Number of protein chains: 2
Amino acid sequence: MVYPDRMKNHRAKKSPRLTPEIWADAALEAIEQGGLSSVAVEPLARLLGVTKGSFYWHFENRDALIRAAMRQWEKRAIHAIAEASRITDPRVRLRSLILSSADRTTAKLDLAVSLVAGDPRVRPFARRVDRRWLDWAEAAYREMGHTKTDAKHWALSAYSAYGGLIQILRLNPDILKSKRAWAQHARHVAGMLVP
Amino acid sequence: MVYPDRMKNHRAKKSPRLTPEIWADAALEAIEQGGLSSVAVEPLARLLGVTKGSFYWHFENRDALIRAAMRQWEKRAIHAIAEASRITDPRVRLRSLILSSADRTTAKLDLAVSLVAGDPRVRPFARRVDRRWLDWAEAAYREMGHTKTDAKHWALSAYSAYGGLIQILRLNPDILKSKRAWAQHARHVAGMLVP
DNA sequence: ACTTGTCAATACGGTAGCGTATGGTCTATC
DNA sequence: GATAGACCATACGCTACCGTATTGACAAGT
């Protein structure tokens, strides 16, 4: 993930050399690596093998790139939530959230976004996705027979545990390094959150 | 917390006009507000009512300030853990962690630090404090009769829940806005984490 | 072949922040 | 009250990045 090689995915020659989506993806990767301050026009351009002359053709300014990146992220997050909703059994469905902490792709990006969600340009996107996950979890708990307020508390607990865990594991990768320890902890959390 | 007024706390005339500790405090406040990129020499100097001529007398460079700020934070965090260890009943002790999520002073700073803990200058400090909290929780669970590995899982769960909750509440202050709802959720979490 | 529109390179000015060098001011102390 | 050291101001050069303006390359359609 570096390269001045823009020929990946064998883009048809007719299509533009760079698209706003490519820029947005690069911005998301930058956020994952170094936060919002890493979303800088010239460095990203170097990373993509072009100059900022390209950037300012596709975007109004830096803020517009950030917004586009967040739109892209929200879209994918919504899609992930929809995928996680297809599981019929609510208990299995909830467990899938816990298990997704181990996914070193979406979890890392979700975390990175939440880390920069203090910024007013990111906050509304993060809030909407938070809301959706909370609603998703609440629905699962309701299907399990909990009252509305009860389900809300369970949902908040579950989503908190999810977010907190991936953050701690990011900083302390030594904590659940063995697959065995991780599976054990996943069982523990499942037993705690899925009564 | 702003002003070119350096005469607060009625400092004796003999003492220096600014101390490294004051700079470190200002840096911590900046981290809380805008992350590491807000720890900038000239803006902080303006905030303190001086110029960077003062700063470079007290510190080698910007990195030295960041390190000093993190040392100060770690010191206080260790003190807070020691305070939280004085409670005799392990269950009450654990509940104190949950309740401290509501403390809008330490919790916010702890969160802000964890948000920038990806930076190599911050990471070691955050890791050490994480470790201490985990050990603290593990000890409590052991006192409650759990085995070592079991206590470790409980501790990780509890600390995850703590970190995740304050992060979500920061972004969604509307979620537990009423005192009643918060107390209810605290009871819920306590029931979940303190069996 | 000529034109048009798309995309990118180059060159430019502007700002914010880092770090240095040097000089100034106050205070304690003799 | 002269001096030394602690503390701060000012002025400077440097780099990184933002945004604009202009020009250039290249493809598609005519």
Side-chain angles (χ1 to χ4, degrees), chain A residues 3-27 29-31 33-69 116 119-122, chain B residues 3-27 29-31 33-69 116 119-122:
Chain A
Y3 21 61
D5 171 17
R6 276 171 276 134
M7 281 325 232
K8 61 178 175 183
N9 9 342
H10 304 74
R11 188 166 54 265
K13 297 162 199 154
K14 164 166 186 164
S15 73
R17 322 175 212 188
L18 283 187
T19 63
E21 289 74 32
I22 295 178
W23 279 101
D25 273 339
E29 196 154 330
I31 288 177
Q33 308 259 324
L36 261 191
S37 58
S38 294
V39 183
V41 177
E42 279 148 326
L44 281 185
R46 278 193 290 273
L47 223 65
L48 292 173
V50 294
T51 66
K52 60 180 172 177
S54 166
F55 175 83
Y56 284 100
W57 196 91
H58 294 288
F59 292 93
E60 182 68 25
N61 51 28
R62 181 173 174 265
D63 279 15
L65 170 62
I66 293 175
R67 282 195 300 270
V116 299
D119 188 283
R121 291 162 296 191
V122 177
Chain B
Y3 11 61
D5 171 18
R6 276 172 276 133
M7 279 327 231
K8 60 181 175 183
N9 10 341
H10 304 74
R11 188 164 56 265
K13 296 161 200 155
K14 166 167 184 163
S15 73
R17 321 176 212 190
L18 284 187
T19 64
E21 289 74 31
I22 295 178
W23 279 101
D25 273 339
E29 196 155 330
I31 288 177
Q33 307 261 324
L36 260 191
S37 59
S38 293
V39 182
V41 177
E42 279 147 327
L44 282 184
R46 279 193 290 274
L47 224 65
L48 293 173
V50 294
T51 67
K52 59 181 172 178
S54 165
F55 175 83
Y56 284 100
W57 195 90
H58 293 288
F59 293 94
E60 183 69 25
N61 52 27
R62 180 173 175 264
D63 279 14
L65 170 62
I66 293 175
R67 282 194 300 271
V116 299
D119 188 284
R121 289 162 296 188
V122 176

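No hydrogens, no waters, no symmetry mates; every other heavy atom, side chains included, goes into these values. No experiment lies behind these values; they were computed from the predicted model shown. Order of the sequence lines sets the chain letters (A, B, ...), proteins ahead of strands, with each chain counted from 1.
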Which residue pairs pass the salt bridge (Lys or Arg N to Asp or Glu O under 4.0 Å) test with at least one member in residues 49-60 of chain A, sequence neighbours excluded?
-> A/Glu42-A/Lys52

Closest nucleotide among [options] to the [X] side chain:
{"X": "A/Arg17", "options": "D/dA25, D/dA11, C/dT25", "result": "D/dA25"}
{"X": "A/Thr51", "options": "D/dT20, C/dA9, D/dC17", "result": "C/dA9"}
{"X": "A/Ala40", "options": "C/dT25, D/dC17, C/dC18", "result": "D/dC17"}

List for me each residue that meets side chain to side chain contact (heavy atoms under 4.5 Å, CB included) alongside [X], sequence neighbours excluded, and say none if there are none.
{"X": "B/Asp119", "answer": "B/Leu36, B/Arg121, B/Val122"}
{"X": "A/Ala40", "answer": "A/Pro43"}
{"X": "B/Phe59", "answer": "B/Pro20, B/Trp23, B/Phe55, B/Ala64, B/Leu65, B/Ala68"}

Rounded to the nearest angstrom, tell me the gap between atom [atom1] in [X] and atom [atom2] in [N].
{"X": "A/Glu42", "N": "C/dA16", "atom1": "CD", "atom2": "C1'", "result": "14 Å"}
{"X": "A/Trp23", "N": "C/dA8", "atom1": "CH2", "atom2": "C1'", "result": "10 Å"}
{"X": "B/Lys52", "N": "D/dC14", "atom1": "NZ", "atom2": "C1'", "result": "11 Å"}
{"X": "B/Leu47", "N": "C/dG17", "atom1": "CG", "atom2": "P", "result": "12 Å"}

Contact residues, residues 53-69 of chain A to DNA chain C [heavy atom, < 4.0 Å] = A/Gly53, A/Ser54, A/Trp57, A/His58

dist A/Leu44:CG -> A/Asp25:CG (nearest 0.5 Å) comes out at 11.5 Å

Got a sec, which residues hit salt bridge (Lys or Arg N to Asp or Glu O under 4.0 Å) with B/Glu21, two or more places apart in sequence or on another chain?
-> none

Can you find a side chain N or O atom of A/Arg46 that sits less than 4.0 Å from OP1 or OP2 on D/dC17?
-> yes

